[in-house]
Protein chains: 2
Amino acid sequence: MTKKTRRLVTIHDVAKASGVSVSTISRVLNQKSDVAEETQQRVLEVIQQLGYSSNLAARSMRSSRTYMIGLIVPDVEYAYSLEVLKGVNHAIATSDYDLLIYTTGSFQKQDTAVHEQQYVSRLNGTVTDGVIVVTPSARSFSSTAPIVSIDPHVIVENYPTVYVDHYQGAVEAVRYLVELGHRRIAYITGRSGMQNSERYRAYCDVLAEAGIPYDPDLVHEGDYSIDCGTVGARVLLALPDRPTAIFAANDQTAIGVSEAVEQLGVRIPDDLSLIGFDNIPEARFYQLTSVDHPLMQMGMMAVELLIKAIEGQTIEETITKIPTRLVVRKSCQALAENVKSL
Amino acid sequence: MTKKTRRLVTIHDVAKASGVSVSTISRVLNQKSDVAEETQQRVLEVIQQLGYSSNLAARSMRSSRTYMIGLIVPDVEYAYSLEVLKGVNHAIATSDYDLLIYTTGSFQKQDTAVHEQQYVSRLNGTVTDGVIVVTPSARSFSSTAPIVSIDPHVIVENYPTVYVDHYQGAVEAVRYLVELGHRRIAYITGRSGMQNSERYRAYCDVLAEAGIPYDPDLVHEGDYSIDCGTVGARVLLALPDRPTAIFAANDQTAIGVSEAVEQLGVRIPDDLSLIGFDNIPEARFYQLTSVDHPLMQMGMMAVELLIKAIEGQTIEETITKIPTRLVVRKSCQALAENVKSL
DNA sequence: GCAGGAATTGGAAGCGCTCCCGAAATTTTA
DNA sequence: TAAAATTTCGGGAGCGCTTCCAATTCCTGC
């Protein structure tokens, strides 16, 4: 039965039931050494018997150790976040900590940077011992407890950061298309921010390096969503001099492209080569060539760093850059002799 | 910069800075009416200026309203949980509440029921105003704040519950196979619990109804994992009188089957019909016929119910049963004339 | 011109917990 | 055997907040 007791069992009840003081109970709970073996046993029994569980709020108000780690994630519905989540979850499982995920569905909102601070202070130093922030927009946080960021929009040296070499990854992707003989290569961007601009820079650099003139018509603005992929595909393929390849800022957008393309009667890879970024699990099903972004691994590393920080160890290198890897599937094809556009 | 201030700004700092008492600040924060317009303005300004955010722990220790809803989920890596999560997230987005997800990776552990209570009391009445528990094993919870359960292992009337008609769904699935002419129908079970036994009961009932004798060799014990699907497939297909169809307790297991089968040189649906349960997104990619389990919708309903309960409204019907729907894809085939087994 | 009421505010208790400090009990040392 | 050291435990302050209660000011109306 759901007992709607007015109050849950507190440390006082345990104290009364076991005939010792509240302080002693607290000592047992926190595994302090100065408590008699016998007393400890008795207290532990009573705790078990009463089903007592210490009040997180009260506990964390006094001592800042809660053995909880917070994960602040922009959008739990996007595969990107879920992959990170999996990695974090794995690492947590083998640690002494529990995981608390805080989401606000603010991925699409504009004022993220403002809210992020609020979320951080909501959790950190209150209910969690430290926080991992995924793709933060904010450049800095005020917090009493440690913070680790994953793939921030702007790289700053203030707190440990795990991120992926977006520039290098994008270079590989675009270069791959160039090597296949493509010259009309379109790019569907993500939302503004460091990651996106890095990828954009790579796109431009590789074109320049290959002596391909930059065509603004081939750059379509997106926002990492599936929809922007479908829209982008329609716009780009309606161009008089249509592209032979599309580089999408992330896999989700690439999936949007491939879905739109199907309806337009354009075949991948025969009529259009397509390449994504992130290598999310779904990419496999779409046979999508993509830049692998080891999100799970990054999540695990972030946890490691955070726990180190929580436990007072110094972290020598704040910035951890992880290499990407091009995963070739069947969404790209060499452009045989007809390099001269359509 | 990450300011590692010893203490964050408290209500006292705000009080001092705005020249009023702590009580007044609290009144402003909680939007009580009895505060002069002018004072309120001034306090609000100071709050803004100092970047003050009230301490969740302290606040929730006194008043039980935190405007946070907890989701206790057994395993964030399984698509089932993720679908529920999406629904919950959607519903939360349009409410006044924020979402806190608590996971412990205990899906595979045995003593879940024991731990669940701990997790509930950890959050509820402390940091959250109410909690949604996904697939609880426990029959009852002691809690000061409302609880809603999704798909519990055992249906109890103690708290609002949203669940799906497993029996009916499984009946449809097995009946579909029978109608296709299959008589050697295997079943790979999930872990013990209500959901599984309901599906099992349906399996037996439909066989009986069709006059097909029950063969214990065709029931393989699983645990909802991918692995048990691959193992199950190997065992079942090694049988002298091998099944022509497999009903898997969930899609994950079905996916395991289809992966094993590929290696064994058995083709789906030509040599083996396969049907799953839950209709997770991946099912589409595997062309898996499955019983649709509207998890997102269930998540949304659970949030609605919980908010009602939190806000003191009475919930007329505690148990909400949601119908399933058979989604036919290409993993099943009629067994033409050769119904006489191989 | 003064009692009674409303509007506004401050004081203080206490939520459940941790932890410092010192007391009591016990053991060790001279 | 007395003093000192050690072990074990209780008292109590206080974390940041809400909320009851009471105090203060300022209007009303007679």
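Below, each value reflects all heavy atoms present in this structure, side chains not excepted, and no hydrogens, waters or symmetry copies. Protein chains get the first letters and strands the later ones, always in sequence-line order, with residue 1 at the start of each.
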- Has the side chain of T24(A) got a donor or acceptor atom that lies under 3.5 Å from a matching backbone atom of V20(A)? no
- Task: Send over the distance from E38(A) CD to dT8(D) C1', rounded to a whole Å.
- Result: 12 Å
- Query: Could you give the CG-to-C1' distance, from N30(A) to dC9(D), as a whole number of Å?
  - Reply: 16 Å
- Query: Given atom CD1 of I11(B) and atom C1' of dC15(D), what is their separation to the nearest angstrom?
  - Reply: 13 Å
Could you list the protein-to-nucleotides 8-11 of chain C atom pairs, N/O on both sides, closer than 3.5 Å?
{"residue": "dT9(C)", "atom": "OP1", "partner": "T39(B)", "partner atom": "OG1", "Å": "2.7"}
{"residue": "dT9(C)", "atom": "OP2", "partner": "A36(B)", "partner atom": "N", "Å": "2.9"}
{"residue": "dT9(C)", "atom": "OP2", "partner": "T39(B)", "partner atom": "OG1", "Å": "3.3"}
{"residue": "dG10(C)", "atom": "OP2", "partner": "S21(B)", "partner atom": "N", "Å": "2.7"}
{"residue": "dG10(C)", "atom": "OP2", "partner": "S21(B)", "partner atom": "OG", "Å": "2.8"}
{"residue": "dG10(C)", "atom": "OP2", "partner": "T24(B)", "partner atom": "OG1", "Å": "2.8"}
{"residue": "dG10(C)", "atom": "N7", "partner": "R27(B)", "partner atom": "NH2", "Å": "3.0"}
{"residue": "dG10(C)", "atom": "O6", "partner": "R27(B)", "partner atom": "NH1", "Å": "3.4"}
{"residue": "dG11(C)", "atom": "N7", "partner": "S23(B)", "partner atom": "OG", "Å": "3.2"}
{"residue": "dG11(C)", "atom": "O6", "partner": "S23(B)", "partner atom": "OG", "Å": "3.2"}

- Of all heavy-atom pairs between T10(B) and Y52(B), which one has the smallest distance, and what is that distance? C-CE1, 3.5 Å
- Presence of Y52(A) side-chain N/O under 4.0 Å of dG16(C) phosphate oxygens OP1/OP2: no
- Item | For atom CD1 of I25(A) and atom C1' of dG11(D), their distance in whole Å | 15 Å
- Does V22(A) offer a backbone N or O that forms a donor-acceptor pair with the side chain of S26(A) under 3.5 Å? no
- Quick one: R59(A) CZ to dC19(C) P, roughly how many Å, whole number? 9 Å
- Y102(A) versus D98(B), side-chain donor and acceptor atoms under 3.5 Å: yes
- Message: Looking at E83(A) and K86(A), is any side-chain nitrogen of the basic one under 4.0 Å from a carboxylate oxygen of the acidic one?
- Response: yes
- Could you tell me whether the phosphate oxygens of dC15(C), OP1 or OP2, come under 4.0 Å of any side-chain nitrogen or oxygen in N55(A)? no
- Test I310(A) against every option in L305(A), V148(A), D129(A), T128(A) by the side-chain contact (heavy atoms from CB on, under 4.5 Å) rule and name the one that passes. D129(A)
